[in-house]
Each structure stands twice: as C-alpha cells, then as structure tokens.
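Below, each value reflects all heavy atoms present in this structure, side chains not excepted, and no hydrogens, waters or symmetry copies.
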Amino acid sequence: MAKKFYLTTAIAYTSSKPHIGNVYEAILADCIVRYKKKDGYDTYFQTGTDEHGQKIEQKAIKAGTTPKAHVDKVSKELRDTYDLMNVKYDHFIRTTDKDHEKIVAEAFEKMLKKGDIYKGVYEGYYCVDCESYFTEKDLVDGKCPDCGATVTKNSEECYFLKLEPYRKRLLDYINDNPKFIEPESRKNEMINNFLKNPIPDLCVSRTSYKWGIPVISDPKHVIYVWIDALMNYITGLGYDVNGNNGELYNKYWPCDVHLIGKDILRFHTIYWPIMLMSLDLPLPKQVFGHPWILTNHNKMSKSKNNVLYTDDLTSYFGVDAVRYYVLHEIPFAQDGNITYELVCERTNSDLANTYGNLVNRTIAMVKKYFGDSKVTKGTKTEFDDELANVINESVKKYKELMDQFRVADALEEAMKLLRQANKYIDETAPWALAKDESKKDVLMNVLYNLLESIRIGSVLLEPAIPDTANKVYTALNTKNTDFSSLSFGLEKDYLVSKCDVLFQRLDVNEIMEKVSAAEAAKQAQVTAQAEDEIDIETFEKVKLVVGQIVEAKKHPKADKLLVFKINIGTEVRQIVSGIAKFYNPEDLVGKKVIVVKNLKAIKLRGEESHGMLLCGSDEADSYLELVNIDKCNPGDIIR
C-alpha cells in the first residue's frame with residue numbers, strides 16, 4: 001500500500017489580488033506534492049481562501065459591494081492564478097462553504113461545553129489587517145508588531161479559549177517530536193517567545209462586525225476568523241464533531257505538513273494544536289514556516305508600490321521560468337529576493353544556458369550524426385565514470401534535500417548534474433569524434449550518456465518545471481520518468497525527435513524597457529480613472545438628507561427652472577432646479593425628495609438656490625424623475 005502524504009497551504013486571505021509573494025507558497029506546495037507523487041506516495045493537497053473577518057467586511061463596504069460578492073471575486077482571481085502557475089491541488093476550500101461553516105460552529109460549541117471556551121470581556125488592541133489581538137506591551141511604537149498598521153483599542157464582550165491548561169502538553173509534544181516545527185530557528189522562536197511562560201487566553205469571538213460564522217448558542221457573536229480559518233484543514237477532509245468522519249479524514253489525518261508563511265507560525269503551532277487537543281484530535285506531524293519573497297530586499301507592499309504580480313512576471317518570462325526562479329532563489333530558512341532583472345539573469349544562466357542549450361545541442365548532434373537511427377551505449381571514454389558519479393551523487397543528494405523541503409538546494413543539485421553534462425561535451429568533443437569513422441561507436445556512447453543525463457536531470461526538475469520536463473520527455477521518446485528510473489544507463493536506447501528551444505536567452509535591457517512601458521501604461525490608466533472616480537472619503541463629504549417640498553412655483557425669469565421651498569428638518573431652504581420641462585409645480589407640493597444639503601448657495605437668474613435635488617434621467621434628457629422618499633422624515637440622513 002502506498003504511503004500517505006497530506007499537505008496543506010495556509011488559506012489565502014481574500015482582501016485583494018494576490019501577488020507573487022502570496023502565490024509562492026502554492027508553487028512550493030505544488031512542487032513538494034509533485035515530488036512526493038513521483039516518489040510513490042498517495043498524496044492529497046488542499047489549499048483555499050479565508051473569506052470572513054472585519055477587514056473583508058470593511059473592504060466590501062468601501063467598494064460598494066457585499067462581502068460575499070467581494071470574496072467571490074478575489075477567490076476566483078486566486079484560483080485563476082493557481083491555474084496559470086500550474087498548481088494542481090486536490091481540493092480548494094472556501095471558508096464560506098456551508099459544510100465548513102456548519103462544522104466550525106459545532107466545534108466551537110463542543111469546546112464551549114467542555115469548558116475550554118468561556119465568556120468574558122476583551123480589553124486590548126486589535127489589528128484589522130492581521131485580524132490579530134495584542135496587549136499594550138506587544139505593540140511596537142504603538143502599532144501592530146507584525147505589519148506596522150494602526151491598531152484600535154477595543155473593549156467588548158467576547159468568548160475566550162483557554163490556552164494555559166494545554167501549554168505543558170504542547171511543549172512536551174514539541175520536544176517529543178523535534179521535526180514538528182521547521183526550520184529549527186522557528187521552533188526556538190515559538191518556545192522562547194511564547195511557550196516558556198504562561199500564555200494568556202485567546203479571544204475567539206467578536207461582536208463588532210457580522211461577516212463571520214455566528215456562535216450557535218449566542219448568535220450576536222461571530223467566531224474569530226483564525227478559529228474559522230484553522231479548522232479548514234480538517235473540515236476539508238470531512239471531519240465531523242460527532243465522530244462520523246468522512247473517508248478522506250480517516251485516510252489522511254493527521255496532516256503530514258502545514259506549509260505556511262513564517263509570519264503566521266504562532267497561530268499554527270500554538271492556537272491550532274491547542275484547539276485540536278480540546279477537540280481530542282491528533283496533532284499535525286509538522287508545521288513548516290517558509291521565508292518570504294522580498295522585492296529589492298523589502299517586504300512587498302502596495303503602499304510601497306513594490307508589488308510584483310504573477311501574471312505580469314509570466315508575460316515576460318513564462319510560467320516555468322517564474323516557478324523555477326521562486327523555488328531556486330528562496331532559501332530554506334531565509335528570505336529571498338526577486339526583481340525583473342534577477343529573474344532574467346537566472347533564466348539565462350540556468351534554464352537557457354545550462355539546461356536548454358544542453359538539450360538543443362545534444363539533440364542537434366544526434367540528428368546530425370545519426371539521423372533517425374537509435375542511439376545506444378557504445379565504447380566508453382575516460383570521462384564517463386566521472387559523469388556517472390556526479391549524476392548518481394546528485395540524485396542521492398536531491399532526494400535527501402527534497403525530503404527535508406530544501407527545494408532550492410535540491411534544484412541546485414539538478415543543475416550541478418546538468419553542468420557536468422555540459423562539461424562532458426567539452427571534454428569528449430563529439431564534433432571531433434564525428435570526423436573519425438573509427439570513433440563512431442565512441443561518439444554514439446557520448447551522445448547516449450548526454451541523453452541519459454538530460455533524462456535524469458529532467459526527472460529531477462519536473463516537480464519545479466513540469467511543462468518543460470514533459471516537452472523533453474517527448475523529444476527523448478522516453479517513458480522512464482519516475483524516481484525508480486534514476487539509475488544512469490537504465491534507458492536501453494533513444495530515438496529522438498526535434499525539440500523547440502526550451503528557453504530563449506533574454507536581453508535584460510529589452511525586458512526592462514517592456515516593464516517600464518507597461519508600468520507607464522498602467523499609471524496612465526490609473527490617472528485617467530482618478531479623473532473620473534472619487535474615493536469613499538470624498539463621497540462622504542456630500543451630505544444628503546430628506547426634504548419635503550412645501551412650496552413650488554415657476555421661476556419668474558426662466559422657463560426651464562422651478563423655485564422650491566423645502567423643509568430639510570432644521571430649516572426651510574430655497575432651491576432652484578431645472579426640471580420645469582418635466583413637472584407641474586403644483587404636483588410636487590408635499591413630495592419627499594433627496595437634497596444635497598452642504599452645496600454652497602448660489603444665485604440662478606436672480607433667485608438664491610441653496611442645495612440640489614437628486615434626479616435620474618437618460619443621457620439625452622428625454623425623461624427625468626425626481627428621486628422620491630416614502631417613509632423617512634424631513635432631515636433624515638441618506639446613507
């Protein structure tokens with residue numbers, strides 16, 4: 001029976017369009033799962049979107065839409081991006097899924113009845129951006145210690161999850177399972193900063209917003225977004241509070257690895273395990289906190305205008321080049337860096353020169369010297385053993401590194417193998433061997449060894465650049481593409497076909513000219529939109545109130561104007577409006593309308609007008625209607 005491997009990413013928060021820093025985690029997860037699958041594991045890969053919380057509710061209000069419509073849009077953008085980047089997940093969960101919401105609410109009730117959750121009053125600081133609570137001593141210069149955003153001081157009735165009763169048990173688990181938190185530096189951080197000393201209880205409900213899962217026994221409370229989000233790892237498998245768990249849960253839980261960003265390690269290594277202990281469930285085997293992708297060594301932020309989006313990167317470099325870059329350049333335990341220039345350089349050095357050039361040169365030589373004949377083993381050269389030794393050693397190290405999730409180092413082993421093959425070309429000089437008919441068997445052996453090197457190198461690279469590897473398999477006409485076929489010399493013979501250039505060499509200056517032109521076009525579009533659009537703060541300056549028409553008459557000097565006396569609650573205003581073409585003044589007395597209250601007073605043809613009436617019409621003004629109000633009273637605010 002195949003070994004099981006269940007991997008999850010953190011579910012992405014649906015506040016805005018994801019950038020490459022957000023998407024890196026899914027690419028890394030996809031690479032690891034592809035590796036495990038090739039290594040014979042029965043894999044299950046779950047990702048998704050975190051769709052509740054105050055931040056999302058506020059974003060939706062600001063955008064003039066509903067929270068559900070907002071999260072539907074962003075969730076689709078994320079799935080489209082994953083599809084673009086060839087991320088092959090087994091399940092995409094959304095925390096607005098009804099089955100997820102049901103189980104989260106029931107699990108909350110179970111912990112409540114057990115006594116691990118209780119009602120109290122929360123007083124402290126809250127960061128909307130991080131959806132996190134902090135004490136005053138946690139703050140850095142009065143701001144959120146995680147993201148630097150402004151925090152708000154709150155005091156509200158909340159439910160709390162007891163943490164301290166489980167602290168020693170969690171510490172024992174961490175000590176008994178040394179690989180539970182990886183890398184090691186992250187484990188030390190969690191123990192020293194949080195678990196060494198008593199930990200305060202966690203606030204697990206809110207009453208200040210409504211976009212969340214209501215507490216069943218106390219519906220004015222919604223469940224804290226992190227409790228909701230963390231539960232996805234088991235609800236997505238069919239966990240049931242009453243023990244009627246689904247087949248996937250029984251098969252794959254506990255999770256082999258939660259792959260998450262280092263910034264949310266506390267939630268996954270302290271709060272989540274304690275929740276599972278409270279629910280009497282097994283803990284995950286490992287939580288791996290990966291580093292960040294930085295832009296010019298700075299954290300990506302829209303406010304810094306340094307965000308790189310995946311679709312932009314792929315438009316210049318292609319999907320596999322972007323996948324390779326982020327997987328190769330982000331170290332195991334340290335942040336990595338990305339710029340357009342760096343992607344260009346790495347694409348040229350590794351993919352175009354080392355890999356692509358090797359493939360194209362080798363196939364071209366096979367076609368030139370042997371036409372459509374098969375290439376098999378022949379007479380050895382003095383350089384063959386070194387090539388075989390480097391390949392075998394690289395394969396061994398690659399697997400060891402991938403099993404530790406040291407993906408960047410593993411890919412470097414694959415490149416080391418391919419560099420040795422390029423060196424082998426220089427050492428054996430096939431073009432010279434081709435001139436001597438007596439060396440034809442040696443030439444065939446050299447080309448066979450090169451094709452074997454390419455095959456094995458492609459198998460190692462496939463989890464990172466699957467589309468490219470499959471193109472090479474097709475050109476080599478080989479079926480030996482799994483990890484059981486990584487023995488050098490395994491393939492009996494090769495009958496190759498033409499292979500298109502895998503990666504074009506890039507001119508960094510040309511790429512940067514294209515980037516600059518695209519950014520200028522985007523800025524022009526933003527500027528054009530800004531001329532037509534206003535932000536919410538500007539709109540809020542317009543004060544709209546209900547007014548009731550108490551008098552209406554024709555303007556004495558203008559046939560198109562009517563002069564109104566309108567009660568707006570605090571006073572009676574005179575307003576002049578150009579609607580005489582559409583209404584008889586006597587028909588409008590008593591009607592309730594919407595008035596722009598804070599419009600500066602002006603004179604229209606000698607009559608003062610202090611305000612404006614809201615109307616609707618077509619572009620040609622062939623019809624016009626006053627906006628009427630039914631139940632509201634004069635002076636009531638329109639919002």
Side-chain angles (χ1 to χ4, degrees), residues 8-31 45-97 100 128-131 147 211-212 225 228-229 232 236 259-261 263-264 292-293 295 299-323 325-326 338 340 343 515 518-519 521-523 525-526 529 533 535-536:
T8 70
T9 67
I11 51 177
Y13 200 53
T14 46
S15 57
S16 58
K17 179 181 176 179
H19 54 66
I20 188 62
N22 307 132
V23 179
Y24 161 66
E25 185 175 296
I27 297 171
L28 177 61
D30 178 76
C31 179
F45 170 19
Q46 179 172 293
T47 187
T49 41
D50 179 5
E51 303 187 2
H52 291 126
Q54 186 176 9
K55 184 177 180 180
I56 287 171
E57 185 176 79
Q58 290 178 350
K59 284 255 184 182
I61 291 170
K62 189 171 182 178
T65 187
T66 64
K68 186 62 167 66
H70 174 78
V71 297
D72 284 348
K73 176 178 177 291
V74 180
S75 181
K76 183 180 184 304
E77 285 179 339
L78 185 70
R79 279 174 287 160
D80 289 346
T81 300
Y82 286 178
D83 289 345
L84 170 67
M85 296 310 299
N86 210 357
V87 173
K88 302 296 185 186
Y89 48 81
D90 294 289
H91 181 48
F92 190 98
I93 190 170
R94 301 178 60 184
T95 57
T96 52
D97 292 340
H100 169 83
V128 173
D129 287 356
C130 294
E131 300 280 8
C147 73
W211 183 240
V225 64
D228 170 9
N232 94 87
L259 184 66
I260 62 165
D263 52 325
I264 55 173
W292 290 335
I293 297 182
T295 308
K299 189 176 179 182
M300 287 191 201
S301 168
K302 287 184 179 179
S303 62
K304 295 178 181 177
N305 197 31
N306 67 349
V307 170
L308 299 183
Y309 288 106
T310 313
D311 50 355
D312 292 333
L313 286 163
T314 57
S315 70
Y316 301 120
F317 305 109
V319 170
D320 274 0
V322 175
R323 281 178 63 105
Y325 181 87
V326 297
I338 187 170
Y340 288 110
V343 179
V515 170
E519 289 179 351
K522 283 182 183 177
Q523 187 56 50
Q525 186 177 15
V526 169
Q529 288 175 344
E533 296 177 354
D535 57 26
I536 190 68

Could you work out, with salt bridge (Lys or Arg N to Asp or Glu O under 4.0 Å) as the rule, every residue matching Glu25, not counting sequence neighbours? none

Among all residues two or more places apart in sequence or in another chain, which pass the side chain to side chain donor-acceptor pair (under 3.5 Å) test with Asn232? Gln46

ring-ring contact (aromatic ring centres under 6.0 Å, His included) pairs touching residues 53-74, sequence neighbours excluded, are none

Sorted by chain and number, sequence neighbours left out, salt bridge (Lys or Arg N to Asp or Glu O under 4.0 Å) with Lys76 holds for Asp80

Contact between Val307 and Thr295 at the side-chain level, heavy atoms closer than 4.5 Å - yes or no? no

Taking the side chain from Tyr13 and the backbone from His52, do they hold a donor-acceptor pair closer than 3.5 Å? yes

Do you know the tightest heavy-atom contact between Val23 and Pro18? CG2-CB, 4.1 Å

Distance from Thr8 atom OG1 to Ile93 atom CD1, nearest 0.5 Å? 10.5 Å

Less than 4.5 Å apart, any side-chain heavy atom of Ile293 and any of His19? no

Sequence-distant partners of Tyr24, side chain to side chain donor-acceptor pair (under 3.5 Å), two or more places apart: none

In chain order, what residues pass the salt bridge (Lys or Arg N to Asp or Glu O under 4.0 Å) check against Asp311, with sequence neighbours excluded? Lys17

Can you list the residues that meet the side chain to side chain donor-acceptor pair (under 3.5 Å) rule with Asp72, with sequence neighbours excluded? Lys68, Arg94

Mind checking the NZ-CG spacing from Lys299 to Asn306? Nearest 0.5 Å is all I need. 11.0 Å

Is there a donor-acceptor contact under 3.5 Å from the side chain of Arg79 to the main chain of Phe92? no

For Ala229, give me all partners under side chain to side chain contact (heavy atoms under 4.5 Å, CB included), at least two apart in sequence or on another chain. Ile11, Asp50

Please enumerate all residues that pass side chain to side chain contact (heavy atoms under 4.5 Å, CB included) together with Ala321, with sequence neighbours excluded. Phe317, Thr347, Leu351, Phe503

Gap between atom CG of Asp30 and atom CE of Met85 - 0.5 Å precision: 9.5 Å

Which residues share a side chain to side chain donor-acceptor pair (under 3.5 Å) with Thr9, sequence neighbours left out: Thr47

Rounded to the nearest 0.5 angstrom, the CD1-CD1 distance for Ile338 and Ile20 is 5.5 Å

Main-chain N/O of Glu51 paired with Trp211 side-chain donor or acceptor, under 3.5 Å: yes

Is there side-chain contact between Tyr340 and Leu308, with heavy atoms separated by less than 4.5 Å? yes

Nearest non-hydrogen partners of Phe45 and Ala26, listed with the distance: CZ-O, 4.2 Å

To the nearest 0.5 Å, how far apart are CD1 in Ile56 and OG1 in Thr95? 7.0 Å

Set of salt bridge (Lys or Arg N to Asp or Glu O under 4.0 Å) partners for Lys62, sequence neighbours left out: none

Could you work out, with side chain to side chain contact (heavy atoms under 4.5 Å, CB included) as the rule, every residue matching Ala518, not counting sequence neighbours? Tyr316

How far apart are the C-alpha atoms of Met300 and Asn22, what are their side-chain angles, what is the distance that settles it, and do they pass the side chain to side chain contact (heavy atoms under 4.5 Å, CB included) test? CA-CA 10 Å; Met300 287 191 201; Asn22 307 132; over 6 Å; no

